[in-house]
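Inspection log for the structure reproduced underneath, given as structure tokens.
Residue numbers begin at 1 in each chain, while the letters A, B, ... track the order of the sequences. All values below come from the heavy atoms of this structure, side chains included, with hydrogens, waters and symmetry mates left out. Predicted, not measured: the structure shown is a model, and the values here were computed from it.
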Protein chains: 2
Amino acid sequence: MIEMMDNGILRCDCSAVHEEVVTRVKKQMPKEENLYDLAELFKVFGDTTRVKILWALDNAEMCVCDISVLLNMTKSAVSHQLRVLKQARLVKYRKDGKNVYYSLDDNHIASIFELGMAHINE
Amino acid sequence: MIEMMDNGILRCDCSAVHEEVVTRVKKQMPKEENLYDLAELFKVFGDTTRVKILWALDNAEMCVCDISVLLNMTKSAVSHQLRVLKQARLVKYRKDGKNVYYSLDDNHIASIFELGMAHINE
DNA sequence: AACATAGTTGAATGATTGTTCAACTGTTTC
DNA sequence: GAAACAGTTGAACAATCATTCAACTATGTT
């Protein structure tokens, strides 16, 4: 039997065509929480500005002003996005005088981007 | 000198602090178009439902009804998301009678998800 | 032919989100 | 101390998006 969800109400408007497949796959699925976190991570990658920032920081440590000039955006817009990247533990920063220097905080990023590019150029 | 953008108007409200870094990084950046496509791809990954569908299809070929039961969602909602995945060339399908069977159309997906999980569990 | 089921589709809606704007903090320099 | 600059922040706005709903197509069954 198909396992019921939390509330016991089946939202789906059909009966399983291949019950054995569904139950088997259900067992092999990661925890709901992990899948949610995974989607949240990709959501961070799912914005042109953030992708550009990450790609840039993969090449060099940069301050907010540098990134602003590079991407031709306001410091504010860049700062907002850096905050998102910071919260996702993708970038780290160090302060030096008036400047705040950002750099990558994860060595998986380049690999993930490579794989993404591989899919696009196919 | 920092290269001007298309319209010649600098949106950024500051002068580059490290001009040489900016120009060097700018040279090493991929084409605007490729970075856009990359972000678009990750945008597809950036939704819990789609992540679940892809993870499920990595384990077995399934029809819409199966996925609906597995995720406890309406066929309509699942079908909408399958369309997005189809457009991104991430899933393919075959028709058989009343059923439409979906399966993965890219062997990078599992690797990308693995790397994403690696970042989360750190 | 009529009916049930699998799946798709378009419009509508509520929620999320990226950028802008203005105001702010903090550091350096004159 | 005041001006200048780097960076942050919160509210507001426009745009995007995931799900729902209702109507539809198409295939199989009786």
Side-chain angles (χ1 to χ4, degrees), chain A residues 9-19 21-22 35-36 39-40 42-53 61-88 91-102, chain B residues 5 9-19 21-22 35-36 39-40 42-54 61-88 91-102:
Chain A
I9 297 167
L10 277 179
R11 242 184 303 266
C12 85
D13 48 357
C14 59
S15 49
V17 175
H18 308 89
E19 220 170 89
V21 175
V22 175
L35 292 170
Y36 177 83
E40 286 300 305
F42 288 130
K43 211 173 279 181
V44 175
F45 291 145
D47 175 76
T48 315
T49 301
R50 289 192 291 264
V51 164
K52 286 178 185 169
I53 292 176
E61 181 191 58
M62 298 175 90
C63 67
V64 179
C65 218
D66 292 338
I67 302 172
S68 299
V69 174
L70 176 70
L71 305 185
N72 193 33
M73 294 177 67
T74 62
K75 285 179 297 178
S76 177
V78 171
S79 184
H80 277 298
Q81 298 300 358
L82 283 170
R83 193 172 61 90
V84 176
L85 294 172
K86 213 187 309 169
Q87 285 174 341
V91 302
K92 57 178 187 285
Y93 66 97
R94 67 177 177 87
K95 295 183 183 177
D96 183 26
K98 282 194 297 182
N99 298 323
V100 180
Y101 293 93
Y102 283 86
Chain B
M5 282 294 183
I9 297 168
L10 278 179
R11 243 185 302 265
C12 84
D13 47 359
C14 60
S15 49
V17 176
H18 308 88
E19 220 171 88
V21 175
V22 175
L35 292 170
Y36 178 82
E40 286 301 306
F42 288 129
K43 209 172 281 180
V44 175
F45 292 145
D47 176 76
T48 315
T49 300
R50 289 192 292 263
V51 165
K52 286 177 185 170
I53 292 176
L54 290 172
E61 180 191 58
M62 298 175 90
C63 66
V64 179
C65 216
D66 292 338
I67 302 173
S68 298
V69 174
L70 176 70
L71 306 184
N72 194 32
M73 295 177 65
T74 62
K75 285 178 296 177
S76 176
V78 171
S79 184
H80 277 299
Q81 297 301 356
L82 283 169
R83 193 172 62 91
V84 175
L85 295 172
K86 213 188 307 169
Q87 284 174 342
V91 302
K92 58 178 187 284
Y93 65 95
R94 68 178 176 87
K95 295 183 182 176
D96 182 29
K98 280 194 297 181
N99 298 323
V100 180
Y101 293 92
Y102 283 87

Would you indicate what A:Val78 reaches in the nucleic acid, counting non-hydrogen atoms under 4.0 angstrom: base, sugar-phosphate, or nothing? nothing
Note: B:Tyr101 and B:Asp96 closest approach over all heavy atoms is CE1-CB, 3.8 Å
Who are the salt bridge (Lys or Arg N to Asp or Glu O under 4.0 Å) partners of A:Lys43, not counting sequence neighbours? A:Glu40
Sub-4.5 Å side-chain heavy-atom contact between B:Ile67 and B:Leu71: yes
Tell me what B:Tyr102 touches on the nucleic acid: a base, only sugar-phosphate, or nothing, going by heavy atoms under 4.0 Å. sugar-phosphate
Among D:dG7, C:dT8, C:dT20, which is the nearest nucleotide to the side chain of A:Thr74? C:dT20
Rounded to whole Å, CG of B:Asn99 lies from C1' of D:dT27 at a distance of 10 Å
What residues form a side chain to side chain contact (heavy atoms under 4.5 Å, CB included) with A:Val21, not counting sequence neighbours? A:His18, A:Arg24, A:Val25, B:Ala60, B:Met62
Between OH of B:Tyr93 and P of D:dT27 the distance, given in whole Å, is 13 Å
Distance in angstrom units between A:Ile67 CD1 and D:dA6 C1', rounded: 13 Å
Got a sec, which residues hit ring pair (Phe, Tyr, Trp, His ring centres under 6.0 Å) with B:Tyr36, two or more places apart in sequence or on another chain? none
For the atom pair OG (B:Ser68) and CE (B:Met73), what is the distance rounded to the nearest 0.5 Å? 8.0 Å
Quickly work out the A:Leu82 CG to C:dG18 P distance and round it to whole Å. 13 Å
How long is the line joining CE of B:Met73 and P of D:dT20, in whole Å? 6 Å
Would you tabulate the pairs of protein nitrogen or oxygen atoms and nucleotide nitrogen or oxygen atoms of nucleotides 27-30 of chain C closer than 3.5 angstrom?
none

Mind calculating the distance between NE2 (B:His18) and P (D:dG7) to the nearest angstrom? 9 Å
Using side chain to side chain contact (heavy atoms under 4.5 Å, CB included) as the criterion, list what pairs up with A:Val91, not counting sequence neighbours. A:Leu54, A:Leu57, A:Leu85, A:Lys86, A:Tyr102, A:Leu104
Output all residues satisfying salt bridge (Lys or Arg N to Asp or Glu O under 4.0 Å) with A:Arg83, sequence neighbours left out; order by chain, then residue number. none
Please give, in whole Å, the distance from D:dA18 P to B:Leu71 CG? 15 Å
Look for any protein N or O under 3.5 Å of an N or O in nucleotides 9-16 of chain D and output each such pair with its distance, or none.
unit_1	atom_1	unit_2	atom_2	d
D:dT9	O4	A:Ser76	OG	2.6
D:dG10	O6	A:His80	NE2	2.8

Please state how far atom CD in B:Gln81 lies from atom P in C:dG10, giving the value in whole angstrom units. 16 Å
Return the set of residues passing side-chain hydrogen bond (donor to acceptor under 3.5 Å, both in side chains) with A:Asp47 (not counting sequence neighbours), or none when no residue passes. none
Of all residues at least two apart in sequence or in a different chain, which pass the side chain to side chain contact (heavy atoms under 4.5 Å, CB included) check with B:Lys92? B:Ser103, B:Asp105
In residues 46-54 of chain B, which ones come under 4.0 Å of DNA chain D, going by heavy atoms? B:Asp47, B:Thr49, B:Arg50
In chain order, what residues pass the side-chain hydrogen bond (donor to acceptor under 3.5 Å, both in side chains) check against B:Glu61, with sequence neighbours excluded? B:Arg94
